[in-house]
J.: 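Questions regarding the structure given below will be posed in turn.
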2 protein chains.
Amino acid sequence: MTLSQTQRDGTASERIADGLRQSILGGEYPPGSRIIQDDLSARYGGSRIPVREALHQLETEGLVRMVANTGAWVASLTMAECSEVYQTRERIEPLLLRFSAEHLTKETLEQLDDLANRMEQSAEVEEFLELDRQFHFATYRGSTTHTLGPLVARLWNATQPYRRAYTTLVGSRNRRIFHDEHHMLVTALYDGDLELAEQVLALHIRRTRLHLERHPELFDPTPTQ
Amino acid sequence: MTLSQTQRDGTASERIADGLRQSILGGEYPPGSRIIQDDLSARYGGSRIPVREALHQLETEGLVRMVANTGAWVASLTMAECSEVYQTRERIEPLLLRFSAEHLTKETLEQLDDLANRMEQSAEVEEFLELDRQFHFATYRGSTTHTLGPLVARLWNATQPYRRAYTTLVGSRNRRIFHDEHHMLVTALYDGDLELAEQVLALHIRRTRLHLERHPELFDPTPTQ
DNA sequence: TATCGTGACATTGGATACAATGTGGTGTAG
DNA sequence: CTACACCACATTGTATCCAATGTCACGATA
(Lines give C-alpha, C1' and ligand atoms only; values in the text may rest on other atoms or scores of the structure.)
Protein backbone atom coordinates (compact mmCIF):
# COMPACT_ATOMS: atom_id res chain seq x y z
CA MET A 1 0.00 0.00 0.00
CA THR A 2 1.57 3.19 -1.18
CA LEU A 3 0.00 5.33 1.48
CA SER A 4 1.31 3.20 4.29
CA GLN A 5 2.23 5.23 7.31
CA THR A 6 5.31 3.27 8.17
CA GLN A 7 7.82 2.75 5.45
CA ARG A 8 10.41 2.16 8.11
CA ASP A 9 12.54 -0.87 8.60
CA GLY A 10 12.11 -3.82 10.85
CA THR A 11 12.41 -2.61 14.40
CA ALA A 12 10.29 -4.68 16.74
CA SER A 13 8.10 -1.75 17.67
CA GLU A 14 7.24 -1.17 14.02
CA ARG A 15 6.43 -4.82 13.47
CA ILE A 16 4.14 -4.78 16.47
CA ALA A 17 2.54 -1.50 15.47
CA ASP A 18 1.86 -2.83 11.98
CA GLY A 19 0.47 -6.09 13.30
CA LEU A 20 -1.74 -4.48 15.90
CA ARG A 21 -2.96 -1.90 13.41
CA GLN A 22 -4.03 -4.65 11.05
CA SER A 23 -5.73 -6.50 13.88
CA ILE A 24 -7.69 -3.41 14.87
CA LEU A 25 -8.59 -2.54 11.29
CA GLY A 26 -9.57 -6.14 10.67
CA GLY A 27 -12.07 -5.94 13.50
CA GLU A 28 -10.27 -8.44 15.71
CA TYR A 29 -10.22 -5.88 18.51
CA PRO A 30 -13.46 -3.87 18.47
CA PRO A 31 -13.57 -0.27 19.74
CA GLY A 32 -13.40 -0.10 23.50
CA SER A 33 -11.40 -3.33 23.90
CA ARG A 34 -8.83 -3.26 26.63
CA ILE A 35 -5.27 -3.85 25.45
CA ILE A 36 -2.85 -5.50 27.87
CA GLN A 37 0.80 -4.86 27.14
CA ASP A 38 1.87 -8.29 28.41
CA ASP A 39 -0.55 -10.00 26.04
CA LEU A 40 0.93 -8.20 23.06
CA SER A 41 4.51 -8.90 24.08
CA ALA A 42 3.58 -12.57 24.42
CA ARG A 43 1.83 -12.59 21.06
CA TYR A 44 4.57 -10.85 19.11
CA GLY A 45 7.54 -12.01 21.16
CA GLY A 46 9.94 -9.68 22.88
CA SER A 47 9.54 -7.47 25.90
CA ARG A 48 7.02 -4.79 26.70
CA ILE A 49 9.28 -1.93 25.62
CA PRO A 50 8.58 -2.18 21.89
CA VAL A 51 4.93 -2.92 22.71
CA ARG A 52 4.66 0.38 24.55
CA GLU A 53 6.30 2.24 21.69
CA ALA A 54 3.88 0.62 19.27
CA LEU A 55 0.93 1.62 21.45
CA HIS A 56 2.16 5.21 21.62
CA GLN A 57 2.50 5.17 17.85
CA LEU A 58 -1.04 3.92 17.36
CA GLU A 59 -2.30 6.43 19.86
CA THR A 60 -1.04 9.34 17.79
CA GLU A 61 -2.64 7.67 14.79
CA GLY A 62 -5.92 7.75 16.67
CA LEU A 63 -6.41 3.99 16.85
CA VAL A 64 -5.61 3.54 20.52
CA ARG A 65 -6.32 5.54 23.62
CA MET A 66 -3.85 5.37 26.50
CA VAL A 67 -4.25 6.60 30.05
CA ALA A 68 -1.13 6.76 32.17
CA ASN A 69 -0.76 4.10 34.83
CA THR A 70 -4.08 2.68 33.81
CA GLY A 71 -3.99 1.08 30.42
CA ALA A 72 -4.74 1.20 26.74
CA TRP A 73 -7.97 0.70 24.84
CA VAL A 74 -8.93 0.52 21.21
CA ALA A 75 -10.20 3.99 20.38
CA SER A 76 -13.90 4.54 19.99
CA LEU A 77 -15.63 7.53 18.45
CA THR A 78 -18.83 9.34 19.18
CA MET A 79 -21.02 10.10 16.20
CA ALA A 80 -19.98 13.74 16.32
CA GLU A 81 -16.30 12.77 16.21
CA CYS A 82 -16.82 10.38 13.33
CA SER A 83 -18.79 13.01 11.48
CA GLU A 84 -15.95 15.45 12.06
CA VAL A 85 -13.47 13.05 10.51
CA TYR A 86 -15.70 12.60 7.49
CA GLN A 87 -16.08 16.34 7.04
CA THR A 88 -12.31 16.64 7.18
CA ARG A 89 -11.97 13.91 4.56
CA GLU A 90 -14.53 15.72 2.44
CA ARG A 91 -12.20 18.69 2.26
CA ILE A 92 -8.80 17.09 1.88
CA GLU A 93 -9.34 13.96 -0.19
CA PRO A 94 -10.32 15.99 -3.24
CA LEU A 95 -7.03 17.85 -2.79
CA LEU A 96 -5.11 14.60 -2.64
CA LEU A 97 -6.97 13.43 -5.71
CA ARG A 98 -5.91 16.63 -7.46
CA PHE A 99 -2.27 15.92 -6.64
CA SER A 100 -2.66 12.37 -7.88
CA ALA A 101 -4.93 12.55 -10.90
CA GLU A 102 -2.56 13.82 -13.54
CA HIS A 103 0.02 11.17 -12.73
CA LEU A 104 -2.29 8.17 -12.84
CA THR A 105 -1.15 5.56 -15.30
CA LYS A 106 -3.30 3.76 -17.80
CA GLU A 107 -2.84 0.57 -15.80
CA THR A 108 -4.13 2.19 -12.63
CA LEU A 109 -7.17 3.55 -14.43
CA GLU A 110 -7.94 0.06 -15.69
CA GLN A 111 -7.51 -1.34 -12.20
CA LEU A 112 -9.92 1.29 -10.92
CA ASP A 113 -12.54 0.22 -13.39
CA ASP A 114 -11.97 -3.39 -12.46
CA LEU A 115 -12.21 -2.66 -8.74
CA ALA A 116 -15.43 -0.71 -9.17
CA ASN A 117 -16.93 -3.65 -11.05
CA ARG A 118 -15.77 -6.24 -8.55
CA MET A 119 -17.28 -4.24 -5.71
CA GLU A 120 -20.69 -4.53 -7.32
CA GLN A 121 -20.38 -8.30 -7.20
CA SER A 122 -19.06 -8.37 -3.67
CA ALA A 123 -21.46 -9.77 -1.10
CA GLU A 124 -19.18 -10.29 1.87
CA VAL A 125 -18.59 -7.36 4.21
CA GLU A 126 -14.85 -7.68 4.71
CA GLU A 127 -14.25 -8.07 1.00
CA PHE A 128 -16.44 -5.07 0.26
CA LEU A 129 -14.56 -2.90 2.74
CA GLU A 130 -11.21 -4.01 1.43
CA LEU A 131 -12.14 -3.38 -2.20
CA ASP A 132 -13.50 0.04 -1.30
CA ARG A 133 -10.25 0.94 0.41
CA GLN A 134 -8.21 -0.39 -2.48
CA PHE A 135 -10.31 1.56 -4.94
CA HIS A 136 -9.91 4.93 -3.27
CA PHE A 137 -6.27 4.46 -2.40
CA ALA A 138 -5.61 3.49 -6.00
CA THR A 139 -7.03 6.84 -7.09
CA TYR A 140 -4.40 8.45 -4.88
CA ARG A 141 -1.56 6.33 -6.19
CA GLY A 142 -0.30 9.07 -8.49
CA SER A 143 0.37 11.44 -5.63
CA THR A 144 3.84 11.82 -4.22
CA THR A 145 2.70 13.63 -1.15
CA HIS A 146 4.64 13.82 2.04
CA THR A 147 1.94 14.60 4.58
CA LEU A 148 -1.42 14.37 2.89
CA GLY A 149 -1.33 10.72 1.86
CA PRO A 150 -0.49 9.35 5.30
CA LEU A 151 -2.97 11.79 6.83
CA VAL A 152 -5.78 10.48 4.65
CA ALA A 153 -4.82 6.92 5.55
CA ARG A 154 -5.03 7.84 9.22
CA LEU A 155 -8.50 9.28 8.84
CA TRP A 156 -9.62 6.16 7.01
CA ASN A 157 -8.19 3.96 9.73
CA ALA A 158 -9.77 5.87 12.58
CA THR A 159 -13.24 5.41 11.11
CA GLN A 160 -12.84 1.88 9.78
CA PRO A 161 -14.82 0.13 12.56
CA TYR A 162 -17.83 2.32 11.89
CA ARG A 163 -17.74 1.71 8.15
CA ARG A 164 -17.70 -1.98 9.00
CA ALA A 165 -20.60 -1.69 11.42
CA TYR A 166 -22.61 0.36 8.95
CA THR A 167 -21.90 -1.95 6.03
CA THR A 168 -22.86 -4.96 8.12
CA LEU A 169 -26.03 -3.25 9.28
CA VAL A 170 -27.43 -2.17 5.94
CA GLY A 171 -26.32 -5.25 4.01
CA SER A 172 -26.15 -4.82 0.25
CA ARG A 173 -29.26 -2.66 0.05
CA ASN A 174 -29.04 0.87 -1.26
CA ARG A 175 -25.55 0.49 -2.60
CA ARG A 176 -26.57 1.52 -6.08
CA ILE A 177 -25.67 5.20 -5.64
CA PHE A 178 -22.43 4.19 -3.99
CA HIS A 179 -21.33 2.18 -7.03
CA ASP A 180 -22.60 4.85 -9.43
CA GLU A 181 -20.40 7.39 -7.71
CA HIS A 182 -17.38 5.13 -8.08
CA HIS A 183 -18.02 4.73 -11.79
CA MET A 184 -18.54 8.45 -12.17
CA LEU A 185 -15.22 9.02 -10.49
CA VAL A 186 -13.46 6.61 -12.82
CA THR A 187 -15.05 8.26 -15.84
CA ALA A 188 -14.04 11.71 -14.69
CA LEU A 189 -10.46 10.53 -14.21
CA TYR A 190 -10.45 8.89 -17.65
CA ASP A 191 -11.69 12.15 -19.14
CA GLY A 192 -9.12 14.14 -17.23
CA ASP A 193 -11.93 16.25 -15.80
CA LEU A 194 -10.28 17.06 -12.52
CA GLU A 195 -12.91 19.52 -11.38
CA LEU A 196 -15.65 16.94 -11.78
CA ALA A 197 -13.59 14.23 -10.12
CA GLU A 198 -13.04 16.42 -7.07
CA GLN A 199 -16.72 17.21 -6.81
CA VAL A 200 -17.83 13.61 -7.21
CA LEU A 201 -15.43 12.53 -4.51
CA ALA A 202 -16.55 15.25 -2.11
CA LEU A 203 -20.18 14.32 -2.64
CA HIS A 204 -19.36 10.64 -2.26
CA ILE A 205 -17.79 11.21 1.14
CA ARG A 206 -20.53 13.60 2.16
CA ARG A 207 -23.32 11.20 1.27
CA THR A 208 -21.63 8.41 3.18
CA ARG A 209 -21.38 10.66 6.20
CA LEU A 210 -25.04 11.57 6.03
CA HIS A 211 -25.95 7.89 5.86
CA LEU A 212 -23.75 7.12 8.86
CA GLU A 213 -25.41 9.91 10.80
CA ARG A 214 -28.73 8.12 10.46
CA HIS A 215 -27.44 5.39 12.76
CA PRO A 216 -26.39 6.87 16.08
CA GLU A 217 -26.68 3.43 17.64
CA LEU A 218 -23.41 2.41 15.98
CA PHE A 219 -21.36 4.88 17.98
CA ASP A 220 -20.01 5.39 21.44
CA PRO A 221 -22.57 7.48 23.33
CA THR A 222 -20.03 9.13 25.62
CA PRO A 223 -16.97 11.05 24.44
CA THR A 224 -13.49 9.86 25.53
CA GLN A 225 -15.01 7.13 27.61
CA MET B 1 -3.62 26.29 24.50
CA THR B 2 -6.90 24.63 23.74
CA LEU B 3 -5.65 22.89 20.65
CA SER B 4 -2.78 21.26 22.46
CA GLN B 5 -2.03 17.82 21.16
CA THR B 6 -1.30 16.30 24.52
CA GLN B 7 -3.90 16.75 27.17
CA ARG B 8 -2.42 13.77 28.94
CA ASP B 9 -1.07 13.64 32.42
CA GLY B 10 2.45 13.93 33.65
CA THR B 11 4.29 10.89 32.40
CA ALA B 12 7.93 11.59 31.75
CA SER B 13 7.60 10.90 28.04
CA GLU B 14 4.92 13.57 27.75
CA ARG B 15 6.98 16.09 29.66
CA ILE B 16 9.92 15.44 27.38
CA ALA B 17 7.77 15.54 24.25
CA ASP B 18 6.27 18.86 25.30
CA GLY B 19 9.66 20.31 26.17
CA LEU B 20 11.34 19.16 23.00
CA ARG B 21 8.41 20.33 20.90
CA GLN B 22 8.70 23.79 22.39
CA SER B 23 12.45 23.79 21.81
CA ILE B 24 11.99 22.87 18.16
CA LEU B 25 9.17 25.36 17.63
CA GLY B 26 11.20 28.02 19.40
CA GLY B 27 13.99 27.54 16.90
CA GLU B 28 16.47 26.19 19.41
CA TYR B 29 16.97 23.13 17.22
CA PRO B 30 16.85 24.14 13.55
CA PRO B 31 15.65 21.70 10.86
CA GLY B 32 18.22 19.03 10.14
CA SER B 33 19.74 19.06 13.63
CA ARG B 34 20.80 15.72 14.95
CA ILE B 35 19.07 14.65 18.15
CA ILE B 36 20.97 12.37 20.53
CA GLN B 37 18.83 10.38 22.91
CA ASP B 38 21.42 10.53 25.67
CA ASP B 39 21.54 14.32 25.49
CA LEU B 40 17.80 14.56 25.99
CA SER B 41 17.75 12.10 28.85
CA ALA B 42 20.50 14.13 30.53
CA ARG B 43 18.68 17.41 29.89
CA TYR B 44 15.30 16.27 31.13
CA GLY B 45 16.47 13.70 33.65
CA GLY B 46 15.51 10.05 33.53
CA SER B 47 16.54 7.29 31.21
CA ARG B 48 16.34 6.99 27.45
CA ILE B 49 13.08 5.04 27.50
CA PRO B 50 10.75 8.04 27.88
CA VAL B 51 13.01 10.00 25.54
CA ARG B 52 12.45 7.42 22.83
CA GLU B 53 8.71 7.49 23.35
CA ALA B 54 8.76 11.28 23.10
CA LEU B 55 10.76 11.09 19.87
CA HIS B 56 8.30 8.61 18.40
CA GLN B 57 5.50 10.94 19.38
CA LEU B 58 7.13 13.92 17.70
CA GLU B 59 7.88 11.83 14.66
CA THR B 60 4.22 11.15 14.02
CA GLU B 61 3.60 14.85 14.59
CA GLY B 62 6.04 15.50 11.77
CA LEU B 63 8.58 17.39 13.85
CA VAL B 64 11.22 14.68 14.00
CA ARG B 65 12.51 12.13 11.58
CA MET B 66 13.85 8.84 12.93
CA VAL B 67 15.84 6.16 11.14
CA ALA B 68 16.26 2.84 12.90
CA ASN B 69 19.67 2.11 14.36
CA THR B 70 20.87 5.43 13.07
CA GLY B 71 19.31 8.34 14.87
CA ALA B 72 16.82 11.15 14.95
CA TRP B 73 16.86 14.55 13.31
CA VAL B 74 14.66 17.61 13.44
CA ALA B 75 12.43 17.31 10.39
CA SER B 76 13.10 19.50 7.41
CA LEU B 77 10.78 20.15 4.50
CA THR B 78 11.31 20.73 0.83
CA MET B 79 9.41 23.63 -0.67
CA ALA B 80 6.99 21.19 -2.30
CA GLU B 81 6.28 19.54 1.05
CA CYS B 82 5.75 22.85 2.79
CA SER B 83 3.48 23.97 0.00
CA GLU B 84 1.53 20.76 0.37
CA VAL B 85 0.99 21.43 4.06
CA TYR B 86 -0.21 24.93 3.31
CA GLN B 87 -2.65 23.67 0.68
CA THR B 88 -3.96 21.21 3.23
CA ARG B 89 -4.37 23.99 5.76
CA GLU B 90 -6.16 26.05 3.13
CA ARG B 91 -8.82 23.35 2.93
CA ILE B 92 -9.28 22.35 6.55
CA GLU B 93 -8.76 25.50 8.59
CA PRO B 94 -11.89 27.10 7.14
CA LEU B 95 -13.74 23.98 8.26
CA LEU B 96 -12.34 24.28 11.77
CA LEU B 97 -13.29 27.96 11.76
CA ARG B 98 -16.81 26.93 10.81
CA PHE B 99 -17.00 24.59 13.77
CA SER B 100 -15.68 27.31 16.04
CA ALA B 101 -17.24 30.53 14.85
CA GLU B 102 -20.72 30.26 16.26
CA HIS B 103 -19.41 29.43 19.72
CA LEU B 104 -16.95 32.30 19.99
CA THR B 105 -17.59 34.47 23.03
CA LYS B 106 -17.64 38.23 23.10
CA GLU B 107 -14.43 38.16 25.12
CA THR B 108 -12.64 36.09 22.51
CA LEU B 109 -13.76 38.42 19.73
CA GLU B 110 -12.35 41.35 21.67
CA GLN B 111 -9.11 39.49 22.24
CA LEU B 112 -8.92 38.83 18.51
CA ASP B 113 -9.25 42.52 17.76
CA ASP B 114 -6.60 43.27 20.35
CA LEU B 115 -4.22 40.65 18.98
CA ALA B 116 -4.63 41.92 15.43
CA ASN B 117 -3.76 45.41 16.60
CA ARG B 118 -0.78 44.32 18.68
CA MET B 119 0.62 42.43 15.71
CA GLU B 120 0.74 45.63 13.71
CA GLN B 121 2.97 47.14 16.38
CA SER B 122 5.16 44.11 16.70
CA ALA B 123 8.66 44.51 15.36
CA GLU B 124 10.40 41.47 16.79
CA VAL B 125 10.17 38.21 14.85
CA GLU B 126 9.49 35.80 17.71
CA GLU B 127 6.80 38.05 19.12
CA PHE B 128 5.22 38.42 15.71
CA LEU B 129 5.12 34.67 15.18
CA GLU B 130 3.70 34.06 18.62
CA LEU B 131 0.99 36.68 18.23
CA ASP B 132 0.06 35.27 14.83
CA ARG B 133 -0.30 31.82 16.29
CA GLN B 134 -2.30 33.11 19.22
CA PHE B 135 -4.57 35.03 16.88
CA HIS B 136 -5.48 32.12 14.66
CA PHE B 137 -5.78 29.62 17.46
CA ALA B 138 -8.07 32.03 19.28
CA THR B 139 -10.38 32.00 16.27
CA TYR B 140 -10.58 28.23 16.73
CA ARG B 141 -11.22 28.42 20.44
CA GLY B 142 -14.95 27.85 20.04
CA SER B 143 -14.47 24.48 18.43
CA THR B 144 -14.81 21.32 20.46
CA THR B 145 -13.25 19.12 17.84
CA HIS B 146 -11.67 15.81 18.52
CA THR B 147 -9.39 15.40 15.51
CA LEU B 148 -9.38 18.60 13.54
CA GLY B 149 -8.01 20.94 16.18
CA PRO B 150 -4.95 18.87 17.01
CA LEU B 151 -4.46 18.20 13.29
CA VAL B 152 -4.35 21.89 12.50
CA ALA B 153 -1.91 22.43 15.36
CA ARG B 154 0.31 19.72 13.88
CA LEU B 155 0.32 21.36 10.46
CA TRP B 156 1.22 24.70 12.04
CA ASN B 157 4.04 23.11 13.99
CA ALA B 158 5.52 21.29 11.03
CA THR B 159 5.86 24.52 9.08
CA GLN B 160 6.87 26.81 11.93
CA PRO B 161 10.61 26.99 11.08
CA TYR B 162 9.82 28.20 7.58
CA ARG B 163 7.41 30.87 8.78
CA ARG B 164 10.20 32.02 11.05
CA ALA B 165 12.77 32.05 8.27
CA TYR B 166 10.41 33.89 5.93
CA THR B 167 9.41 36.45 8.54
CA THR B 168 13.04 37.08 9.40
CA LEU B 169 13.92 37.39 5.73
CA VAL B 170 11.32 39.89 4.64
CA GLY B 171 11.35 41.93 7.84
CA SER B 172 8.28 44.08 8.42
CA ARG B 173 7.88 45.02 4.77
CA ASN B 174 4.76 44.07 2.88
CA ARG B 175 2.84 43.07 5.96
CA ARG B 176 0.02 45.46 5.23
CA ILE B 177 -2.13 42.90 3.41
CA PHE B 178 -1.41 40.37 6.12
CA HIS B 179 -2.81 42.67 8.81
CA ASP B 180 -5.72 43.71 6.64
CA GLU B 181 -6.70 40.08 6.24
CA HIS B 182 -6.63 39.59 10.00
CA HIS B 183 -8.89 42.57 10.51
CA MET B 184 -11.22 41.38 7.78
CA LEU B 185 -11.44 38.03 9.51
CA VAL B 186 -12.29 39.65 12.83
CA THR B 187 -14.97 41.78 11.19
CA ALA B 188 -16.50 38.79 9.44
CA LEU B 189 -16.62 36.92 12.75
CA TYR B 190 -18.19 39.94 14.49
CA ASP B 191 -20.80 40.10 11.74
CA GLY B 192 -21.44 36.39 11.97
CA ASP B 193 -20.71 36.13 8.25
CA LEU B 194 -19.33 32.62 8.30
CA GLU B 195 -19.08 32.29 4.54
CA LEU B 196 -16.94 35.40 4.29
CA ALA B 197 -14.80 34.37 7.24
CA GLU B 198 -14.04 31.03 5.62
CA GLN B 199 -13.10 32.66 2.35
CA VAL B 200 -10.89 35.29 3.95
CA LEU B 201 -9.08 32.61 5.91
CA ALA B 202 -8.55 30.43 2.84
CA LEU B 203 -7.19 33.37 0.88
CA HIS B 204 -5.00 34.39 3.81
CA ILE B 205 -3.36 30.97 3.93
CA ARG B 206 -3.14 30.79 0.16
CA ARG B 207 -1.43 34.17 -0.16
CA THR B 208 1.07 33.26 2.54
CA ARG B 209 1.87 30.07 0.66
CA LEU B 210 2.42 31.94 -2.58
CA HIS B 211 4.78 34.31 -0.81
CA LEU B 212 6.71 31.43 0.71
CA GLU B 213 7.03 29.84 -2.70
CA ARG B 214 8.93 32.88 -3.89
CA HIS B 215 11.81 31.91 -1.63
CA PRO B 216 13.03 28.40 -2.47
CA GLU B 217 16.30 29.18 -0.73
CA LEU B 218 14.59 28.82 2.64
CA PHE B 219 13.92 25.12 2.14
CA ASP B 220 15.71 21.82 2.12
CA PRO B 221 16.72 21.13 -1.50
CA THR B 222 16.58 17.33 -1.17
CA PRO B 223 13.54 15.39 0.03
CA THR B 224 13.86 13.20 3.15
CA GLN B 225 17.51 14.05 3.46
C1' DT C 1 -28.16 -3.57 53.68
C1' DA C 2 -25.46 -0.02 51.72
C1' DT C 3 -21.27 2.54 51.83
C1' DC C 4 -16.79 3.43 52.71
C1' DG C 5 -12.07 2.11 53.89
C1' DT C 6 -8.27 -1.12 53.30
C1' DG C 7 -5.48 -4.44 51.61
C1' DA C 8 -3.55 -7.67 48.01
C1' DC C 9 -3.09 -8.12 43.22
C1' DA C 10 -2.62 -6.75 38.41
C1' DT C 11 -0.69 -3.65 35.39
C1' DT C 12 1.88 0.08 33.90
C1' DG C 13 6.10 3.50 34.04
C1' DG C 14 10.90 3.77 34.26
C1' DA C 15 16.06 2.60 35.25
C1' DT C 16 19.90 -0.13 34.41
C1' DA C 17 22.45 -3.31 31.71
C1' DC C 18 23.58 -5.50 27.55
C1' DA C 19 23.33 -6.63 22.55
C1' DA C 20 23.12 -4.99 17.83
C1' DT C 21 24.00 -1.72 14.48
C1' DG C 22 25.95 2.19 12.25
C1' DT C 23 29.83 5.63 11.87
C1' DG C 24 34.17 7.63 11.48
C1' DG C 25 39.00 7.42 11.59
C1' DT C 26 43.27 5.16 10.72
C1' DG C 27 46.27 2.42 8.28
C1' DT C 28 47.63 -0.02 4.25
C1' DA C 29 47.81 -1.24 -0.50
C1' DG C 30 47.53 0.25 -5.11
C1' DC D 1 47.89 10.76 -3.24
C1' DT D 2 43.65 8.12 -3.36
C1' DA D 3 40.62 4.41 -2.34
C1' DC D 4 39.33 0.68 0.23
C1' DA D 5 39.20 -2.37 4.30
C1' DC D 6 39.09 -2.83 9.00
C1' DC D 7 38.60 -1.77 13.79
C1' DA D 8 37.33 1.04 17.81
C1' DC D 9 33.83 3.98 19.29
C1' DA D 10 29.34 6.11 19.56
C1' DT D 11 24.63 5.43 19.45
C1' DT D 12 20.54 3.01 19.17
C1' DG D 13 17.32 -1.21 20.18
C1' DT D 14 15.80 -4.44 23.57
C1' DA D 15 15.48 -7.41 27.84
C1' DT D 16 15.19 -7.76 32.63
C1' DC D 17 14.23 -5.88 36.97
C1' DC D 18 12.10 -2.76 40.24
C1' DA D 19 9.04 1.07 41.68
C1' DA D 20 4.69 3.41 41.32
C1' DT D 21 0.03 3.50 40.42
C1' DG D 22 -4.58 1.92 39.75
C1' DT D 23 -8.16 -1.74 40.35
C1' DC D 24 -11.03 -4.79 42.63
C1' DA D 25 -12.69 -7.64 46.18
C1' DC D 26 -13.39 -8.17 50.92
C1' DG D 27 -14.80 -6.81 55.32
C1' DA D 28 -16.08 -3.50 58.91
C1' DT D 29 -19.15 -0.03 60.35
C1' DA D 30 -23.14 2.96 60.32
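Lettering of chains follows the sequences in order, A, B, ..., and the numbering in each one begins at 1.
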J.: Going by salt bridge (charged side-chain N to carboxylate O under 4.0 Å, His left out), name the residues that satisfy it together with B/Arg209, two or more places apart in sequence or in a different chain.
T.: B/Glu90, B/Glu213

J.: Measure from the side chain of B/Arg34, starting at C-beta and using heavy atoms only, and say which of D/dT14, D/dT12, C/dT12 lies closest.
T.: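 Shortest atom-to-atom distance from the side chain points to D/dT12.
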
J.: Roughly, in whole Å, what's the span from CD in B/Glu53 to C1' in C/dA15?
T.: 13 Å

J.: What is the nucleic acid contact for A/Leu55, judged by heavy atoms within less than 4.0 Å: base, sugar-phosphate only, or nothing?
T.: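 It contacts nothing in the nucleic acid.
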
J.: Tell me the interatomic distance from B/Asn69, atom CG, to D/dT14, atom C1', rounded to whole angstroms.
T.: 11 Å

J.: For B/Met66 and C/dT21, what is the distance between atoms CE and P respectively, to the nearest whole Å?
T.: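 Spelled out: CE on B/Met66 to P on C/dT21 is 17 Å.
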
J.: Check whether any side-chain N or O of B/Gln37 sits under 4.0 Å from OP1 or OP2 of D/dG13, and answer yes or no.
T.: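 Yes.
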
J.: Can you tell me how far P of D/dA10 sits from CG of B/Asp38, to the nearest Å?
T.: 11 Å

J.: Charged N to carboxylate O under 4.0 angstrom, B/Asp18 versus B/Arg15?
T.: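 Looking at B/Arg15 together with B/Asp18, the answer is no, because their closest N to O distance does not fall below 4.0 Å.
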
J.: Please report whether the ring centroid of A/Phe178 lies less than 6.0 Å from that of A/His204.
T.: yes

J.: Between C/dT16 and B/Arg48, is there an OP1 or OP2 to side-chain N/O distance shorter than 4.0 Å?
T.: no

J.: Write down the distance between OH (B/Tyr44) and C1' (C/dG13), rounded to a whole number of angstrom.
T.: 19 Å

J.: Quick one: label A/Ala72 by what it contacts on the DNA or RNA (base, sugar-phosphate, nothing), any heavy atom closer than 4.0 Å.
T.: nothing

J.: CG/B/Asn157 to CG/B/Leu25 distance, rounded to the nearest 0.5 angstrom?
T.: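 With rounding to 0.5 Å, CG (B/Asn157) is 4.5 Å from CG (B/Leu25).
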
J.: Roughly, in whole Å, what's the span from CD in A/Gln57 to P in D/dG13?
T.: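 A/Gln57 atom CD is separated from D/dG13 atom P by 13 Å.
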
J.: Closest to the B/Ile36 side chain: D/dA15, D/dG13, D/dT12?
T.: D/dT12

J.: Of the candidate nucleotides D/dT14, C/dG13, C/dT16, which contains the atom at the shortest distance from the side chain of B/Arg52?
T.: D/dT14

J.: Does a donor on one side chain sit under 3.5 Å from an acceptor on the other, for B/Thr60 and A/Thr60?
T.: yes

J.: How many whole angstroms separate atom CD1 of B/Ile35 from atom P of D/dT11?
T.: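 Going from B/Ile35 (CD1) to D/dT11 (P), I get 14 Å.
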
J.: Give the rounded distance in Å between these two atoms: NE2 of A/His56 and P of C/dT12.
T.: 11 Å

J.: Does A/Thr70 or A/Ile49 map to a spot on DNA chain C nearer the 5' end, using the closest nucleotide for each?
T.: A/Thr70

